[in-house]
Amino acid sequence: MPERKKAGVLGATGSVGQKFILLLADHPEFELYRLGASERSAGKPYVSAVKWRQTATIPSVARNIIVSPCASGEFQECDVVFSGLDADVAGDIEKDFFENGLAVISNAKNYRRAPTVPLVVPLINSSHLDVIARRLQAARAQNQGKHGFIICNSNCSTAGLVVPLGVLINKFGDISAVTVTTMQAISGGGFSPGVPGFDILDNVVPYISGEEEKLEWETKKILGSVGDDDSFTLKSGMAVSAQCNRVAVTDGHLECVSIKFASEIKPTVEEVKAALREYKCEAQILKCYSAPKQCIYVLEEEDRPQPRLDRDRDNGYAVSVGRIREDPVFDFKFLVLSHNTVIGAAGAGILIAETLLGRGLL
Ligand code: NAP
């Protein structure tokens with residue numbers, strides 16, 4: 001049995017950070033080695049620093065780890081560092097880490113738009129990791145020491161949408177127009193301060209700051225291409241229009257999607273369903289530990305997917321698509337559901353790391 005890779009988690013006390021702790025606690029390839037959070041938490045055992053809000057209890061392996069300040073010197077022994085940092089502080093902290101030779105996989109928005117940083121939803125565009133592979137090979141060929149890098153995973157509402165879109169584009173050709181209306185869980189707003197109970201109970205909040213812009217832009221980078229100079233080109237000819245709502249659900253983002261294909265020759269509803277069902281991602285092919293059994297569950301029940309019933313399919317690493325039907329304005333409409341703190345956040349980071357490991361890059 002090879003030795004497990006040492007993993008660090010930044011923002012370990014937050015909503016995404018707690019999910020990292022749960023998903024990494026018994027991981028056969030990664031060992032929870034360092035936990036970082038703010039000065040408020042640093043120096044305390046994790047169990048005293050964290051306000052634990054998961055239904056499972058705090059894993060014993062994490063309880064007595066002393067929380068470190070988020071400084072790269074504290075994490076030098078880590079083979080990979082997962083970041084669930086608040087965006088207000090992630091920019092400077094993550095820069096310190098990757099400039100000092102560390103492999104960083106981030107949930108924060110700060111570097112998603114950087115022209116040379118891969119923005120990866122591991123179920124659909126792990127090919128963008130080729131950029132990192134080429135950089136690491138070049139560094140190794142020149143006998144450079146530790147070579148730091150950063151990979152971002154997407155905004156949580158983008159993660160579910162791009163999986164069926166990417167599969168359908170690859171199978172049937174370009175999509176010219178997408179509209180998406182989201183119903184997003186409160187855990188997506190984080191814990192500090194989080195979405196106030198008074199605002200969300202008996203209510204829907206039809207605005208999430210910055211979310212629509214992220215969903216519209218990130219979709220185009222993720223489904224775009226990589227040039228010879230390792231820069232990313234946004235998917236062209238695809239208009240994306242998003243409307244985002246916060247609803248009184250704890251976990252799981254549900255999205256109503258309509259799509260129009262660029263070509264006049266359209267697939268049938270049955271062909272769309274078959275393409276989604278048959279799809280396999282790289283993590284499945286590499287037999288990564290956390291890879292879902294099925295990337296996309298196509299549900300036939302007329303009232304599914306539902307957050308409470310479907311978000312935990314394959315431990316939250318799969319997405320569910322339902323109510324696929326023809327659209328009188330566009331070509332097709334359907335619902336997509338994804339677990340926002342698993343495949344929309346911490347789980348995506350872990351699956352990216354497992355894919356890098358499967359390719360021999362960590
Ligand atoms: P959160 O619950 O508010 O957690 C924020 C974390 O950042 C906490 O661990 C906090 O530590 C730490 N932190 C705050 N200020 C710090 C500082 N000055 N130095 C070091 N650490 C500091 O937020 P979240 O929902 O987990 O989100 C984390 C990141 O992931 C955000 O960038 C968010 O946009 C992104 N994201 C979230 C989701 C989701 O579904 N929640 C999905 C995708 C992406 P203390 O406890 O010590 O204050």
Side-chain angles (χ1 to χ4, degrees), residues 8-23 34-54 62 65-72 74-75 81-97 104-112 119-122 150-162 182 184-196 208-211 213-215 218 222 244 246-247 249-253 307 311 316 338-352:
V9 178
L10 303 177
T13 49
S15 169
V16 172
Q18 292 183 23
K19 207 68 185 181
F20 271 121
I21 303 293
L22 282 177
L23 296 174
R34 284 271 185 282
L35 305 181
S38 76
E39 295 297 338
R40 295 179 289 276
S41 309
K44 299 178 186 165
Y46 183 70
V47 66
S48 312
V50 71
K51 186 158 187 200
W52 188 254
R53 289 178 169 97
Q54 311 296 317
I65 295 180
I66 303 296
V67 176
S68 302
C70 293
S72 61
E74 303 275 340
F75 287 73
V81 176
F82 299 102
S83 170
L85 282 171
D86 193 289
D88 288 347
V89 297
D92 289 343
I93 293 175
E94 291 173 356
K95 188 164 186 272
D96 165 42
F97 276 61
V104 179
I105 302 178
S106 175
N107 282 274
K109 66 178 180 187
N110 308 60
Y111 292 100
R112 289 183 194 150
L119 176 59
V120 176
V121 173
I150 181 163
I151 297 165
C152 291
N153 47 256
S154 76
N155 180 45
C156 44
S157 59
T158 312
L161 176 69
V162 291
T182 70
Q184 298 183 218
I186 52 176
S187 61
F191 290 157
S192 48
V195 182
I208 303 174
S209 175
E211 194 78 1
E213 294 78 5
K214 286 186 210 161
L215 191 42
E218 290 181 16
I222 291 162
C244 296
R246 186 76 71 196
V247 299
V249 164
T250 53
D251 291 312
H253 292 349
R311 63 192 169 206
S338 56
H339 197 304
N340 55 296
T341 62
V342 185
I343 199 57
I350 291 169
L351 208 48
I352 289 169

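Atoms within a ligand are numbered from 1 in the order they appear, just like the ligands themselves.
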Colleague: Which heavy atom of A87 sits nearest to which heavy atom of N110, and what is that distance?
Modeller: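 Taking A87 first and N110 second, the nearest heavy atoms are O-ND2, 2.9 Å.
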Colleague: Is there side-chain contact between T250 and S187, with heavy atoms separated by less than 4.5 Å?
Modeller: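 Side-chain contact under 4.5 Å: no.
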Colleague: Just let me know how S187 lines up against ligand 1, side chain, backbone, both or neither, with a heavy-atom cut-off below 4.0 Å.
Modeller: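 The answer is the backbone of S187.
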Colleague: Are I21 and W52 packed together at the side-chain level, in the sense that at least one heavy-atom pair is separated by less than 4.5 angstrom?
Modeller: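 Yes, their side chains come closer than 4.5 Å.
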Colleague: T341 heavy atoms, cut-off 4.0 Å: which ligand 1 atoms fall inside?
Modeller: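 This gives 40 (O) as the contact atoms.
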Colleague: Would you indicate whether the side-chain heavy atoms of K214 and C156 approach each other to under 4.5 Å?
Modeller: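 Contact flag for C156/K214 side chains = no.
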Colleague: I need the minimum non-hydrogen distance between S154 and A159, along with the two atoms involved.
Modeller: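 The pair with the smallest heavy-atom distance is OG-N, 3.5 Å.
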Colleague: What protein heavy atom sits nearest atom 38 (C) of ligand 1, and how far off is it?
Modeller: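 Residue, atom and distance for the closest contact: V16 CG2, 3.6 Å.
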Colleague: Just need the protein heavy atom nearest to atom 44 (C) of ligand 1, so name the residue and atom and give the distance.
Modeller: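 Atom 44 (C) of ligand 1 sits closest to the protein heavy atom N107 O, 3.4 Å.
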Colleague: Go through R112 and N155 one step at a time and tell me if the side-chain contact (heavy atoms from CB on, under 4.5 Å) criterion holds.
Modeller: CA-CA 9 Å; R112 289 183 194 150; N155 180 45; 3.5 Å; yes
Colleague: Can you list the steps and then say if R311 with V249 is a side-chain contact (heavy atoms from CB on, under 4.5 Å)?
Modeller: CA-CA 11 Å; R311 63 192 169 206; V249 164; 4.2 Å; yes
Colleague: Is a donor on one side and an acceptor on the other found under 3.5 Å between the side chain of Q18 and the backbone of R53?
Modeller: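 Looks like yes, one N/O pair under 3.5 Å.
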Colleague: Below 3.5 Å, N or O to N or O, backbone or side chain included: is there any such pair between V89 and ligand 1?
Modeller: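 No: no nitrogen or oxygen of V89 is under 3.5 Å from one in ligand 1.
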Colleague: Is there a donor-acceptor contact under 3.5 Å from the side chain of N340 to the main chain of G252?
Modeller: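 Yes, N340 side chain to G252 backbone: donor-acceptor pair under 3.5 Å.
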Colleague: Suppose I only count heavy atoms of A108 and a 4.0 Å limit; which atoms of ligand 1 are within that range?
Modeller: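 Result: 32 (O).
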Colleague: Quick test of your reading of the structure: of G84, S68, G189, A37, whose heavy atom lies closest to atom 6 (C) of ligand 1?
Modeller: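 Considering heavy atoms of G84, S68, G189, A37, the nearest to atom 6 (C) of ligand 1 sits in G84.
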Colleague: May I ask you to check if ligand 1 and S15 share an N or O to N or O distance below 3.5 Å?
Modeller: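 The answer is yes, given that S15 and ligand 1 share an N or O pair closer than 3.5 Å.
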Colleague: Go through the steps for V121 and T158 under the test side-chain contact (heavy atoms from CB on, under 4.5 Å), then give the verdict.
Modeller: CA-CA 9 Å; V121 173; T158 312; 5.6 Å; no
Colleague: Which residue holds the protein heavy atom closest to atom 14 (C) of ligand 1, what is that atom called, and what is the gap in Å?
Modeller: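 The answer is R40 NH2, 3.8 Å.
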Colleague: For ligand 1, which atoms have a heavy atom of F191 less than 4.0 angstrom away?
Modeller: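 Counting from 1, the qualifying ligand atoms are 1 (P), 2 (O), 3 (O).
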Colleague: Give a yes/no on ligand 1: does A90 have at least one heavy atom closer than 4.0 angstrom to it?
Modeller: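 It does not; every heavy atom stays at 4.0 Å or beyond.
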Colleague: List the closest protein heavy-atom neighbour of atom 13 (N) of ligand 1: residue, atom name, distance to the nearest 0.1 Å.
Modeller: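 Sorting protein heavy atoms by distance from atom 13 (N) of ligand 1 puts S38 CB, 4.2 Å first.
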Colleague: Kindly confirm or rule out an N or O of N340 lying under 3.5 angstrom from an N or O of ligand 1.
Modeller: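 Yes; the residue has a nitrogen or oxygen that sits under 3.5 Å from a nitrogen or oxygen of the ligand.
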Colleague: Using a strict cut-off of 4.0 Å, indicate which atoms of ligand 1 neighbour a heavy atom of A345.
Modeller: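 Numbered from 1, ligand 1 contributes 42 (C), 43 (C).
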Colleague: Between I208 and R246, is the side-chain contact (heavy atoms from CB on, under 4.5 Å) condition met? List the steps.
Modeller: CA-CA 7 Å; I208 303 174; R246 186 76 71 196; 3.5 Å; yes
Colleague: Report the part of L85 in contact with ligand 1, treating N, CA, C, O as backbone and CB onward as side chain, heavy atoms under 4.0 Å; options are side chain, backbone, both, neither.
Modeller: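 Within the 4.0 Å criterion, L85 contacts ligand 1 through backbone and side-chain atoms alike.
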Colleague: Counting non-hydrogen protein atoms only, what is the nearest one to atom 7 (O) of ligand 1? Give residue, atom name and distance.
Modeller: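 Checking every protein heavy atom, the shortest distance to atom 7 (O) of ligand 1 gives D86 N, 3.4 Å.
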Colleague: Atoms of ligand 1 less than 4.0 Å from S41 heavy atoms?
Modeller: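 Every atom of ligand 1 under 4.0 Å from some heavy atom of S41: 45 (P), 46 (O), 47 (O).
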Colleague: Has the side chain of D96 got a donor or acceptor atom that lies under 3.5 Å from a matching backbone atom of S72?
Modeller: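 Yes.
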Colleague: Is G14 close to ligand 1, meaning an N/O of one under 3.5 Å from an N/O of the other?
Modeller: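 N/O-N/O distance under 3.5 Å: yes.
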Colleague: Closest heavy-atom contact between G188 and H253?
Modeller: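 Closest pair (atom of G188, atom of H253, distance): CA-CE1, 4.4 Å.
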Colleague: Short check: is a protein heavy atom less than 4.0 Å from atom 26 (O) of ligand 1?
Modeller: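 Yes, there is a protein heavy atom closer to it than 4.0 Å.
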Colleague: For atom 9 (O) of ligand 1, which of I186, T13, D88 has the closest heavy atom?
Modeller: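 The nearest heavy atom belongs to T13.
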Colleague: Indicate yes or no: does an N/O atom of G11 lie under 3.5 Å from an N/O atom of ligand 1?
Modeller: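 Between G11 and ligand 1 (N or O atoms, distance only) the closest approach is under 3.5 Å.
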Colleague: From atom 23 (O) of ligand 1, work out which of G190, C152, A71 has a heavy atom at the shortest distance.
Modeller: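 When every heavy atom of G190, C152, A71 is considered, G190 comes closest to atom 23 (O) of ligand 1.
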Colleague: Can you give me the closest heavy-atom contact between A49 and V67, atom names plus distance?
Modeller: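 Where A49 meets V67 most closely, the heavy atoms are CB-CG2, 3.9 Å.
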Colleague: Which residue owns the protein heavy atom closest to atom 3 (O) of ligand 1, what's the atom, and how far is it?
Modeller: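 Result for atom 3 (O) of ligand 1: S192 OG, 3.0 Å.
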Colleague: Short list, please: which atoms of ligand 1 are under 4.0 Å from a heavy atom of G344?
Modeller: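 Counting from 1, the qualifying ligand atoms are 42 (C), 43 (C).
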Colleague: Under 4.0 Å from a heavy atom of A87: which atoms of ligand 1 are those, numbered in the order shown and with their elements?
Modeller: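 Numbered from 1, ligand 1 contributes 32 (O).
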Colleague: Has N155 got any heavy atom lying under 4.0 angstrom from an atom of ligand 1?
Modeller: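 False for this residue.
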Colleague: Are the side chain of Y111 and the backbone N or O of I151 linked by a donor-acceptor pair below 3.5 Å?
Modeller: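 Between the backbone of I151 and the side chain of Y111 there is no qualifying donor-acceptor contact (under 3.5 Å).
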